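Treat the numbers as computed from the prediction; the structure is a model and nothing was measured.
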Amino acid sequence: MDTINLLKAAVLGLAVLAILYAACNHISKKQVMESFEKGTFGFDLQFLKTKDSGLVVLKDPVGNAQVALSAKFQGKVFTSTAQGMLGKSFGWINYHAFDHIVSGAHINALGGEDRFWIGPEGGQFSIFFKSGGGMDFDNWFTPASLDTEPWELVRLEPTIASFTKDVYLQNYSGTHFTLTLDRKVELLDRLQIEKRLDISVDGVFPVAFETLNTVTSKDNVSWSKSTGGLCIWMLDMLACGPGVTIVAPYRQGDEHEPDKVATTGYFGEIPPEWLRVTDKAVFLKADGWKRSKIGLSPRRAMPVLGSYDSENGVLTIVKYPVFAEAEYINQQWPRQEKPYEGDAVNAYNDGPLADGSQMGPFYELESSSPALFLGPRQQWQHDHTVFHFAGDEAILNKISEKVLGVGISEITSIF
């Protein structure tokens, strides 16, 4: 065989090897993608890495707990797991929304287990409505700094990530705000979890992360009641289902609120098929079939809120501070006669809109800081911690009774 034919044969051989390598590599990637079922942490982690090459994953060095979060998407915690890559993914992720991100949209609802927002959403001091326009959906827009703009990752350790963002806002009344948002997320270990809730986690799979969320004013004048204050607003979007029930423990009434336990008319009154109130807690069904929301005032709210998913055997608890005598912003959409008599704690069940469309389904557990009237360079920090426990119902029952004041059997039989 002459030299030319030898070269041709070599080139052909290399081409065949390249094709075989590419085919094997494609099969390998496909097999990896198919190794995780939808609903697992591994599936969501692979998906998120295709949307954010800098995705941050915090891992327990001695256990299976993990948390996935992103600087590209506003320092958001997208999801977590108590049982590693094959374990259940606790956050709700809106997969198809990532292909349609639009700057200036009403909202890019990507989902996420925990996000740092600023309120109020509604009322004359809202930062979600165009100044001077109608207070309706056509004029409702999520500020870009909370929706599409990336934040800066400023610290990363195996179990800690910190983010920052300089923000400029204008409220409905025309007041301008310049501020810095700082956020630290820490994956907690088993001992920290037990200490925070005064429980034992023996026999269950736990995961928990604490978020420290700070607002610092960079304005030269103080924020006032007359021109509008702001608040830190934490929202946890979670996967709903027919067996999910939200539990909001509450304090007994006093002379200020002898009868009213919760605000239930955010989206119209809630039918009894979705709402129950006992002498211990308010229960809201989180099935994703009835758009409804509850809120508890600072005098009624407890520093814990939770839910139980009977189909998957998962108990979820969120913990935060509540200041009973503080003023909280009323975030409902119409203009408010008493803008600083709002709720400290909220829970939301998604459902179809009037036109039949739906963003979810999902449900949310929410906490807020008091109304903030900061002076120049003053700051406020709001601590919001999310816990999930999966495993034996008898052990979950002990945790639920200890922290929420109601047992699993009461939760599962309330509806």
Side-chain angles (χ1 to χ4, degrees), residues 44 47-55 68-79 91-152 163 165-174 176-179 181 183 230-240 266-267 288 291 293 331-334 346 348-364 366:
D44 283 346
F47 172 83
L48 291 168
K49 285 182 176 179
T50 67
K51 307 302 178 182
D52 179 7
S53 60
L55 191 74
L69 55 163
S70 170
K72 178 180 179 180
F73 296 107
Q74 302 81 51
K76 184 180 299 184
V77 174
F78 270 109
T79 190
W92 179 76
I93 297 174
N94 193 4
Y95 305 103
H96 66 84
F98 286 80
D99 296 326
H100 307 283
I101 296 175
V102 179
S103 179
H106 292 290
I107 185 174
N108 288 276
L110 304 180
E113 184 175 348
D114 181 84
R115 69 184 188 273
F116 182 175
W117 264 16
I118 297 294
E121 180 183 9
Q124 56 268 43
F125 302 126
S126 167
I127 60 167
F128 284 74
F129 287 99
K130 291 182 176 181
S131 181
M135 200 164 287
D136 50 35
F137 185 76
D138 288 342
N139 290 286
W140 180 86
F141 293 91
T142 307
S145 55
L146 308 178
D147 187 51
T148 55
E149 295 177 358
W151 291 25
E152 180 185 356
F163 308 87
K165 178 70 174 178
D166 289 330
V167 174
Y168 173 82
L169 301 169
Q170 178 178 327
N171 71 16
Y172 185 81
S173 298
H176 300 269
F177 300 90
T178 305
L179 54 150
L181 306 183
R183 173 167 164 82
L230 301 175
C231 68
I232 298 171
W233 184 16
M234 306 306 303
L235 303 99
D236 304 328
M237 301 180 84
L238 304 166
C240 63
Y266 279 92
F267 304 109
R291 190 167 184 251
K293 185 172 184 175
Q331 299 211 56
Q332 297 186 72
W333 279 23
N346 294 95
Y348 172 79
N349 177 42
D350 193 38
L353 300 173
D355 62 2
S357 64
Q358 189 169 355
M359 183 171 65
F362 59 88
Y363 75 99
E364 283 183 323
E366 310 172 11

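In this structure, Asp147 contributes its side chain and Ile107 its backbone to no donor-acceptor pair below 3.5 Å. Side-chain N or O atoms of Asn94 include none that pairs as donor or acceptor with a backbone N or O of Gly111 at under 3.5 Å. Of the possible polar contacts, one joining the Asp350 side chain to the Gly360 backbone as a donor-acceptor pair under 3.5 Å is found. The closest donor-acceptor contact from the side chain of Ser173 to the backbone of Gln124 lies under 3.5 Å. In terms of modelled atom types and a separation under 3.5 Å, the side chain of Trp92 and the main chain of Pro361 share a donor-acceptor contact. Put simply, the side chain of Thr50 gets close to the backbone of Phe47: a donor and an acceptor are under 3.5 Å apart. Tyr172 contributes a side-chain N or O that, together with a main-chain N or O of Gly133, makes up a donor-acceptor pair within less than 3.5 Å.
Shown here are the salt bridge (Lys or Arg N to Asp or Glu O under 4.0 Å) partners of Glu113, two or more places apart in sequence or in another chain: there are none.
In this structure, Tyr266 and Asn346 have side chains that are in contact, with non-hydrogen atoms separated by less than 4.5 Å. Between Thr142 and Trp140 the shortest side-chain heavy-atom distance falls below 4.5 Å. Leu230 is listed as a side-chain neighbour of Leu179, based on a closest heavy-atom distance under 4.5 Å.
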Next on the checklist: Walk me through whether Phe128 and Trp333 qualify under ring pair (Phe, Tyr, Trp, His ring centres under 6.0 Å).
Outcome noted: CA-CA 10 Å; Phe128 284 74; Trp333 279 23; 9.1 Å; no
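For the atom pair CG (Leu69) and CG (Leu55), the distance works out to 7.0 Å, reported to the nearest 0.5 Å.
Using a 4.0 Å cut-off between a side-chain N of Lys or Arg and a carboxylate O of Asp or Glu, Asp136 and Lys130 do not qualify as a salt bridge.
For residues 114-126, the salt bridge (charged side-chain N to carboxylate O under 4.0 Å, His left out) pairs, not counting sequence neighbours, are Asp114-Arg183, Arg115-Glu364.
Paired with Phe73 under the rule ring pair (Phe, Tyr, Trp, His ring centres under 6.0 Å), one option of Trp151, Phe98, Phe163 passes, and it is Phe98. Checked options Gln74, Glu149, Glu152; the residue passing with Lys165 is Glu149 (criterion: side-chain hydrogen bond (donor to acceptor under 3.5 Å, both in side chains)).
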